[in-house]
Amino acid sequence: MVPSSIAAFLTRRRQRNGFDISDILTYLYLLAGVFVMFAPITWLVMSSFKTQAALIEFPPKFLPYAQETAVVPGYDDPLPLYKVAFEDGSEKTLAQVRRVGIVAQMVDPQNPGEIIKVPIGQRQPIRKIALAWSNYTEPLKRFNFLIYLRNSVIVTSVATIITLIINSMAAFALSKYEFRGRDAIFVLIIATLLIPISVILVPVFIVITEIGWNNNLWGVIIPGAATPTGVFLLRQYMLTIPDELIDAARIDGASEWRIYWQVILPLAKPALAVLAIFSVMWRWNDFLWPLIVLSHTEVFTLQVGLNSFQGDLQTQWHYVLAMTVMTLLPITVVFAILQRHITTGIATTGLKG
Amino acid sequence: MIQSSESDNLPPPIKNRRGHALSRLGSSIVDMIMRFFDFIFEPLQNAIGIKRMAYIFLLPNMLIFGIFVLFPMLLNIYYSMTGGTKLFPQDRQFVGLENFRVLFDCQNYLQPGTCNEDLFWRAVYNTAGFVVFQVGGMVLVSLITALILNREIRGRGFFRSVFFYPVLLSPVVVALIWKWILQREGVLNVFVTAMGGDKVPWLLDPRLATFWVVLVSIWALMGFYTLILLAGLQSIPPELYEAGAIDGTDRWQSFRYITLPLLMPTLFVVLVLSLIRAVQVFDQVFVLTGGGPGTATLYLVQYIYNTAFANQIPQRGLAAAASLVMGSVLLVLTLIQLRLGRASEVA
């Protein structure tokens, strides 16, 4: 029953000519795509739960294994357990006290008084699947991870709020008023759609330094706040809001500011939502500009901090991997919830992710 | 005013959810802020008139835009003509076109080694190579993926999300994921040794490092271009294919004479967008290889970053000159896009 239903599922097509070789190739391609896209991320997550010892092992295991340990009377720390094969063919579970060259000094957990010397070739570590949560908890205690997280949250949320407010105000002016210089300003904004910050790194840095925003989160937040993309997106959307609504509100005696936040903003919610999603993604993932503005560790954002971790902790991949997972987690959750909005938003606006 | 604040103090209706009270609090805070602005803007509006309020609405955005985009653009031009190690332009001496002379001082432009500023030319050639392979590969892979996703398949939404997911990951995260896979004791070398090979130092060989930098960047971004192409494909009216079927077209013919011509504008957008982005490649590569081994993956933005910010003795004037050169390349690319885009609209 199961194979036939799978076959029915796979062969279900609207066209009359049934299932052919091109369909097989299609699904093979898609399955390969799922593997290529997800295997690296799965491997990252699996590795992030491994102990430091398991990480340097070659070839590595897929699942996170950790050596079993036992608390033996007379020893402070838990001792690692091994399965030892003796020359007479018998096997025994022993705990290792220490290793001297190629000989391991071991004890029987049931009989801890007597030290047994075993050549290391005769012992096999006993393992079980265990998640090394300490990879996640230790960096929180030992490094500035929480500070970086806080800085990233501040930058992302404050920058997004500012972007939404000032972009929507500008879009309102450009879409609902007729005034001198309107078209010139609009063309100017559109023209700078094409000027990426990587072209003006040096002069923006000078402006920031002159203001005194070096090593200050405002220096990261403000320069990118007046996004031409956002103004353009919101203006195009606001053009579709009928002018009659504004005229009616004016007759009712509403001020222009009131019209902006009680008539226009609620009606522009869909476009604001798209811009908000993108702004959060841009800011959370931003790297080059924060890297230039921030040189003190206490103001690092997550991305800059993660980069400096991987430089400083080259031998401590277990921490780097766990922190990488923590950094990709928020965006993944947002995507899981809003994936439809994000993909249709991109398809219709062509914003870069 | 007094009346409305009294009505705000009335006991709220029965709350059955905790989130309700919170969101009420949040929206009433926003409400208060907005009322405060109204307090300022209403007399202002009475003073200057309704029409001029447009300038007030434009002000915050244009202020930031002017200070952090327009002014720096102009400053960059002046700055590229100054020398010295001081940061602020007023402390620097004017040197005319000296920085550009240094950048373009070459015996043979095809051999970076013969240039005064050889790193710049290495970065230029590396970037050109990266752009060719990355954009070529990107367009090809995302076109194939979009065509496949456009077939009558089950779970299109799922597969679309799968290909798109890496687009959302930060470049630092993407680089670390692949650095972990490609390191000497990494999982890729497990497959290599399992097939009888020796461990390959993937990121320590110039050619392999370039290959992986290109591949990782395609991996990370292809979902974005696939999505745009898929939208383009789905906007092709199905009647055309039905008409073609009546005329007896086979699959290749309907692709060649219906899909491809109608997809051309979208394909062109994808080409130019990915070109403009590829020229500015930086963060992933910076974390993955740091520009190495040697200068094998040193690209233009990293050259500018190193020259202006990372080197012991910063040469910011030179960096500004190099970014002007890069900016003009981007400008030319964009103008080509606009010109051809208009041409395809007319056609």
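In what follows, every chain begins at residue 1, and chains take the letters A, B, ... in the order their sequences are listed. This one's a predicted model, so the numbers in the text were calculated from it and none came from an experiment.
- Per-residue heavy-atom pair counts under 4.5 Å with chain B were compared for A:Thr163, A:Ile166, A:Val334, and the maximum is reached by A:Ile166.
- Contacts with chain A were tallied for B:Leu300, B:Ile304, B:Thr193, B:Ile153; B:Ile153 has the most, counting heavy-atom pairs under 4.5 Å.
- For B:Tyr79, the part lying near chain A is the side chain, with the backbone staying farther off; criterion is any non-hydrogen pair under 4.5 Å.
- Per-residue counts of heavy-atom pairs under 4.5 Å with chain A were compared for B:Ile177, B:Leu63, B:Asp283, B:Ile50; the largest is that of B:Ile50.
- Heavy atoms of B:Gln45 lying under 4.5 Å from chain A belong exclusively to its side chain.
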Query raised in the report: Should B:Phe37 and A:Trp261 be marked as a side chain to side chain contact (heavy atoms under 4.5 Å, CB included) after you check the CA-CA gap, both sets of side-chain angles, and the distance that decides it?
Result: CA-CA 10 Å; B:Phe37 274 110; A:Trp261 66 269; over 6 Å; no
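- With chain B as the partner, the residue from A:Ile292, A:Ile331, A:Thr327 showing the most heavy-atom pairs under 4.5 Å is A:Ile292.
- The distance from the CE atom of A:Met281 to the CG atom of B:Leu168 is 5.0 Å, given to the nearest 0.5 Å.
- No other option in B:Leu324, B:Leu70, B:Leu44, B:Val269 has as many heavy-atom pairs under 4.5 Å with chain A as B:Leu70.
- Under the 4.5 Å side-chain criterion, counting only non-hydrogen atoms from C-beta, A:Met169 is in contact with B:Pro60.
- A donor-acceptor contact shorter than 3.5 Å links the side chain of A:Trp257 to the backbone of B:Met34.
- Here the shortest heavy-atom pairing between A:Gly33 and B:Val162 reads O-CG1, 4.4 Å.
- Rounded to the nearest 0.5 angstrom, B:Met53 CE and A:Phe179 CZ are separated by 12.5 Å.
- Minimum interatomic distance between A:Val36 and B:Trp219 (heavy atoms only, all atoms of both residues): O-NE1, 2.9 Å.
- Heavy-atom distances place both the backbone and the side chain of B:Tyr165 under 4.5 Å from chain A.
- Side-chain contact check for A:Ile206 versus B:Pro89: some heavy-atom pair is nearer than 4.5 Å.
- Between A:Ala173 and B:Ala54, the closest heavy-atom pair is CB-O, 3.4 Å.
- For B:Phe282, the part lying near chain A is the side chain, with the backbone staying farther off; criterion is any non-hydrogen pair under 4.5 Å.
- Interface remark: A:Leu25 contributes no atoms to any contact with chain B (heavy atom separation under 4.5 Å).
- For chain B, the nearby parts of A:Arg180 are the backbone and the side chain; heavy atoms of each come within less than 4.5 Å.
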Report task. Run the numbers on A:Ile41 and B:Leu169 for side chain to side chain contact (heavy atoms under 4.5 Å, CB included), then give the verdict. Result -> CA-CA 10 Å; A:Ile41 295 159; B:Leu169 301 180; 4.0 Å; yes
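- Here A:Asn167 contributes atom CG and B:Asn61 contributes atom CG; the two are 5.0 Å apart, rounded to the nearest 0.5 Å.
- Between the side chains of B:Trp180 and A:Ser47, at least one donor N or O lies within less than 3.5 Å of an accepting N or O.
- At a 4.5 Å heavy-atom cutoff, the contact between B:Phe286 and chain A is made by side-chain atoms alone.
- Within the 4.5 angstrom heavy-atom criterion, only side-chain atoms of B:Leu149, from C-beta onward, approach chain A.
- Listed options A:Leu291, A:Val304, A:Leu174 were ranked by heavy-atom pairs under 4.5 angstrom with chain B; first place goes to A:Leu291.
- Looking at every heavy atom in both residues, B:Val172 comes nearest to A:Asn307 through CG1-N, 4.2 Å.
- For B:Leu59, no part lies near chain A; criterion is any non-hydrogen pair under 4.5 Å.
- Going from atom CD1 of B:Ile56 over to atom OH of A:Tyr260 covers 14.0 Å, rounded to the nearest 0.5 Å.
- Between the side chain of B:Asn76 and the backbone N or O of A:Val199, at least one donor-acceptor pair lies under 3.5 Å.
- Contacts between A:Thr332 and chain B at a heavy-atom distance below 4.5 Å involve backbone atoms as well as side-chain atoms.
- Between B:Phe68 and A:Trp213, the angle of the ring planes stays under 30°, which puts this pair in the parallel group of the 30/60° scheme.
- In this structure, chain A has no heavy atom under 4.5 Å from any part of B:Tyr225.
- Closest heavy-atom contact between A:Tyr27 and B:Glu152: OH-O, 4.5 Å.
- In the displayed structure, B:Phe71 atom CZ is contacted under 6.0 Å by at most 12 heavy atoms of other residues, nucleotides or ligands.
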Query raised in the report: For B:Phe309 and A:Phe205, what are the C-alpha separation, side-chain angles and deciding distance, and is it a ring-ring contact (aromatic ring centres under 6.0 Å, His included)?
Result: CA-CA 10 Å; B:Phe309 302 106; A:Phe205 181 73; 4.9 Å; yes
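- Between chain A and the options B:Gln183, B:Lys51, B:Lys199, B:Arg316, heavy-atom pairs under 4.5 Å are most frequent for B:Lys199.
- No hydrogens or angles considered: a donor-acceptor pair under 3.5 Å links the side chains of A:Gln303 and B:Ser170.
- If you tally non-hydrogen atom pairs under 4.5 Å between each of B:Leu147, B:Leu75, B:Val287 and chain A, the highest count goes to B:Val287.
- With respect to chain A, the highest number of heavy-atom pairs below 4.5 Å among B:Val301, B:Leu333, B:Leu176 belongs to B:Leu176.
- Interface residue A:Leu321: only side-chain heavy atoms are found under 4.5 Å from chain B.
- If you measure heavy-atom distances from B:Thr145 to chain A, the contacts under 4.5 Å come from both the backbone and the side chain.
- Heavy atoms closer than 4.5 Å to chain A are found nowhere in B:Arg52, neither backbone nor side chain.
- Of all heavy-atom pairs spanning B:Phe65 and A:Leu188, the tightest one is CZ-O, 4.0 Å.
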Query raised in the report: Between B:Arg151 and A:Asp23, does a side chain to side chain contact (heavy atoms under 4.5 Å, CB included) hold up when you go through it step by step?
Result: CA-CA 9 Å; B:Arg151 289 171 62 92; A:Asp23 294 290; 3.2 Å; yes
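- Between B:Met62 and A:Ile189 the shortest side-chain heavy-atom distance falls below 4.5 Å.
- B:Tyr305 and A:Ser198 share no side-chain donor-acceptor pair at under 3.5 Å.
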Report task. Please assess B:Phe163 against A:Met37 for the test side chain to side chain contact (heavy atoms under 4.5 Å, CB included), listing each intermediate value before the final yes or no. Result -> CA-CA 6 Å; B:Phe163 285 107; A:Met37 290 295 151; 4.0 Å; yes
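- Ranked by heavy-atom pairs under 4.5 Å with chain B, the first of A:Arg258, A:Glu210, A:Lys176, A:Gln262 is A:Glu210.
- For a residue to count as touching a neighbouring chain, one of its non-hydrogen atoms must lie under 4.5 Å from one of that chain's; by this rule A:Val207 touches chain B with the side chain only.
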